[in-house]
Number of protein chains: 2
Amino acid sequence: MGFPAETIILGDSLEELKKLPDRSVDLVFADPPYNLQLGGDLLRPDNSKVDAVDDDWDRFESFETYDAFTKAWLFQCRRVLKDDGALWVIGSYHNIFRVGATLQDLGFWILNDIVWRKSNPMPNFKGTRFTNAHETLIWATKSRGGKRYTFNYDAMKMANDELQMRSDWTLPLCTGEERLKDETGAKAHPTQKPEALLHRVILASTRPGDVILDPFFGTGTTGAAAKRLGRRFIGIEREEAYAKLARQRIAKVIPATADEVVITGSKKSEPRIPFGQIVEAGLLRPGDVLYDDKGRHAARVRADGSLVVGELAGSIHKVGAMVQSAPACNGWTYWHFKTDAGLAPIDVLRAKVRSQLAA
Amino acid sequence: MGFPAETIILGDSLEELKKLPDRSVDLVFADPPYNLQLGGDLLRPDNSKVDAVDDDWDRFESFETYDAFTKAWLFQCRRVLKDDGALWVIGSYHNIFRVGATLQDLGFWILNDIVWRKSNPMPNFKGTRFTNAHETLIWATKSRGGKRYTFNYDAMKMANDELQMRSDWTLPLCTGEERLKDETGAKAHPTQKPEALLHRVILASTRPGDVILDPFFGTGTTGAAAKRLGRRFIGIEREEAYAKLARQRIAKVIPATADEVVITGSKKSEPRIPFGQIVEAGLLRPGDVLYDDKGRHAARVRADGSLVVGELAGSIHKVGAMVQSAPACNGWTYWHFKTDAGLAPIDVLRAKVRSQLAA
DNA sequence: CTGATGGTTGAATCTAACA
DNA sequence: GTGTTAGATTCAACCATCA
């Protein structure tokens with residue numbers, strides 16, 4: 001809990017991960033080297049050379065070496081994660097299958113795989129394959145059936161025009177102003193991710209003030225998005241040049257204030273109002289009759305907030321389930337009371353009590 | 001080369017694969033068990049039960065067992081493939097990482113991973129994850145830099161409105177008339193794939209007359225698509241009931257003549273842009289204020305794309321309607337942001353994101 | 001015949017707080 | 001730990017029925 005808002009560590013990912021305490025971070029976002037095996041130079045149809053990933057940090061001798069590397073950093077991430085924490089990894093077909101299998105072997109529990117559909121991918125110049133137009137992210141918890149992970153379902157739904165957010169996200173590549181350049185004007189980092197991608201990841205799976213760890217920090221996209229959304233971050237980066245660019249970039253980011261990072265909350269987080277309180281407040285009287293939406297069933301309200309239908313008695317939920325012979329029922333939306341304008345769900349009475357409590 | 005046009009073998013996949021000669025088939029398409037690990041029953045909000053995959057063939061004791069199974073059948077497929085042949089496997093996040101890693105371990109060379117985006121997936125009923133809206137296919141050759149594999153680049157480009165076919169394919173689930181039913185009218189097979197998916201796979205990566213092997217034949221989607229497109233097929237299926245249905249189904253298929261191979265066009269529609277994506281893209285920031293055209297109402301933007309006016313919160317459309325006490329409102333034209341030249345409707349920001357996505 | 005309405009369904013690792 | 005209970009939760013297609 002004691003981490004400052006911003007931490008950038010210069011050093012080897014694995015070595016620095018080992019120095020972090022157990023169960024100390026809320027989220028890991030990792031964009032590890034892809035283990036690309038590109039033979040020779042790739043030429044466009046006009047014979048210009050494609051600026052592909054050929055940095056030293058992206059070369060591994062074999063799958064065994066890559067697997068050992070993957071297992072080592074994932075193991076440390078799992079140790080460092082809080083029990084209710086989660087991890088994201090992004091990759092392409094070159095490495096994501098190995099990363100995913102290693103995750104599972106280490107006990108991580110996959111929640112979703114997410115497809116980042118690139119709206120403007122690089123074409124396949126030679127016409128030998130399908131345009132490689134997506135990358136894959138894996139979202140996983142520390143273990144199966146562990147403590148509750150953070151998923152801001154309602155915020156995601158709100159961000160998607162009130163439809164559930166799906167596992168395929170269409171976002172443009174990081175280009176233009178956002179793409180960091182070096183002194184010569186060339187792109188500073190070969191695989192800089194768009195901030196919009198991190199925005200969605202962070203908004204979906206963290207809360208304000210959470211600590212986000214990025215063991216392959218690069219030019220700090222995770223840090224920039226975290227700062228913008230009022231989250232803390234720890235970034236580990238081996239290359240001094242990248243770390244420097246990240247520091248400069250993040251310094252320019254204006255952090256959100258506490259009230260700016262408030263998002264649509266879930267109903268589950270609202271204070272619980274027992275049905276008896278509706279009766280206590282006089283919004284319904286003992287003896288009043290409730291109906292389902294079509295008026296097929298009628299139930300009588302008792303002074304203690306229980307309902308009676310013939311021989312059946314119990315909570316609004318239990319009686320609702322029993323009259324339908326259903327395994328469960330949300331009594332708040334199932335039962336209705338008579339108004340001048342017709343039947344209205346008793347949930348509006350709950351909302352009335354809640355707003356009185358808030359005032 | 002001597003295979004007949006249609007072969008359906010009743011038996012265990014691995015045992016029957018072992019009986020096939022070396023280097024005898026042009027393409028393998030495999031839809032192996034996904035090794036889903038489901039808990040108890042899943043109920044929809046209307047209390048109806050989801051018909052889950054609970055068949056014996058999808059139960060494995062552990063990842064080790066599943067990996068051994070995967071390695072065994074993939075090894076045989078590789079032996080049976082011609083040197084210029086290729087293999088496709090379909091799976092979900094439950095198994096695809098293990099399949100992909102095993103492929104690579106056996107020496108297969110991945111050409112693409114393909115995302116099947118489902119236009120009508122099952123929602124996530126409990127609001128606990130992102131809607132699982134896709135499955136993944138892997139396309140691989142026998143080995144790196146081997147003999148030239150078949151890729152009908154121009155046919156794919158033609159099928160995609162003269163644009164290179166991308167690695168993400170949007171196709172509906174197999175439902176309606178196409179979905180095979182048993183005597184009781186229930187679905188005959190829990191995981192029948194759409195023929196359109198196989199159509200594209202076969203059209204992309206085989207030539208007329210090629211031999212296509214499907215070691216998990218099920219109700220014969222691969223056979224039906226192969227026959228329709230003038231390719232030969234070998235299907236291996238353990239369940240007599242499935243094999244029988246496959247035979248009946250394929251008997252009804254009318255093979256296309258060489259010059260009438262149907263190419264499925266792809267419908268392109270303007271992408272829907274949720275308001276949340278405007279915030280993700282950084283065109284508006286959390287805390288920014290929007291106004292109606294006369295500046296009578298002001299609303300604050302939140303990070304998830306919801307708006308806040310006083311106690312009211314919700315989507316741009318809902319909040320717009322509420323402040324006007326109107327039944328509905330188009331938030332895109334109602335809300336404006338401040339620019340140097342005065343107020344501008346947020347619809348111009350949507351246009352900007354659209355053009356980024358189209359670029 | 002047409003359009004509106006209601007019911008069904010799909011490879012799903014699908015609750016959380018409290019006693 | 002475990003058991004109980006409150007109460008939250010769905011999208012696009014296809015099909016049958018009926019006005």
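Throughout, protein chains are lettered first and strands after them, A, B, ... in sequence-line order, and every chain is numbered starting at 1.
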With sequence neighbours left out, the residues meeting salt bridge (Lys or Arg N to Asp or Glu O under 4.0 Å) with Asp288(A) are none
Student check: side-chain heavy atoms of Phe125(B) and Val50(B) closer than 4.5 Å
yes
Take the protein atom [atom1] of [X] and the nucleotide atom [atom2] of [N], then report the distance between them rounded to whole Å.
{"X": "Lys193(B)", "N": "dA11(C)", "atom1": "NZ", "atom2": "P", "value": "7 Å"}
{"X": "Asp55(B)", "N": "dA11(C)", "atom1": "CG", "atom2": "P", "value": "12 Å"}
{"X": "Gln192(B)", "N": "dG10(C)", "atom1": "CD", "atom2": "P", "value": "11 Å"}

Please list, in numerical order, the residues of residues 169-190 of chain B that have a heavy atom closer than 4.0 Å to any atom of DNA chain C.
Leu173(B), Arg179(B), Lys187(B), Pro190(B)
Does a distance-only test, which skips hydrogens and angles, find a donor-acceptor pair under 3.5 Å between the side chain of Lys118(B) and the base of dA13(D)?
no
Using a 4.0 Å cut-off on protein heavy atoms (strictly under), produce a 5'-to-3' string for nucleotides 6-12 of chain D with B for base contact, S for backbone-only sugar-phosphate contact, and - for none.
SBBBBBS
Tell me what Pro194(B) touches on the nucleic acid: a base, only sugar-phosphate, or nothing, going by heavy atoms under 4.0 Å.
nothing
Go ahead and write out DNA chain D as dot-bracket, 5' to 3': ( ) for pairs within the strand, [ ] for ones crossing earlier pairs, | when the partner sits on another strand, dots for unpaired; Watson-Crick or G-U wobble, both distances under 3.5 Å.
.|||||....|||||||||
Between [X] and [Y], is NZ or CZ placed under 6.0 angstrom from the six-membered ring centre and within 45° of the ring axis?
{"X": "Arg117(B)", "Y": "Trp169(B)", "result": "no"}
{"X": "Arg296(A)", "Y": "Tyr291(A)", "result": "no"}
{"X": "Arg98(B)", "Y": "Phe63(B)", "result": "yes"}

So the salt bridge (charged side-chain N to carboxylate O under 4.0 Å, His left out) pairs with at least one residue in residues 138-149 of chain A (sequence neighbours excluded) are Asp83(A)-Lys142(A)
All pairs passing salt bridge (charged side-chain N to carboxylate O under 4.0 Å, His left out) where residues 33-55 of chain B contributes a residue, at least two apart:
Asp41(B)-Lys49(B), Asp51(B)-Lys187(B)
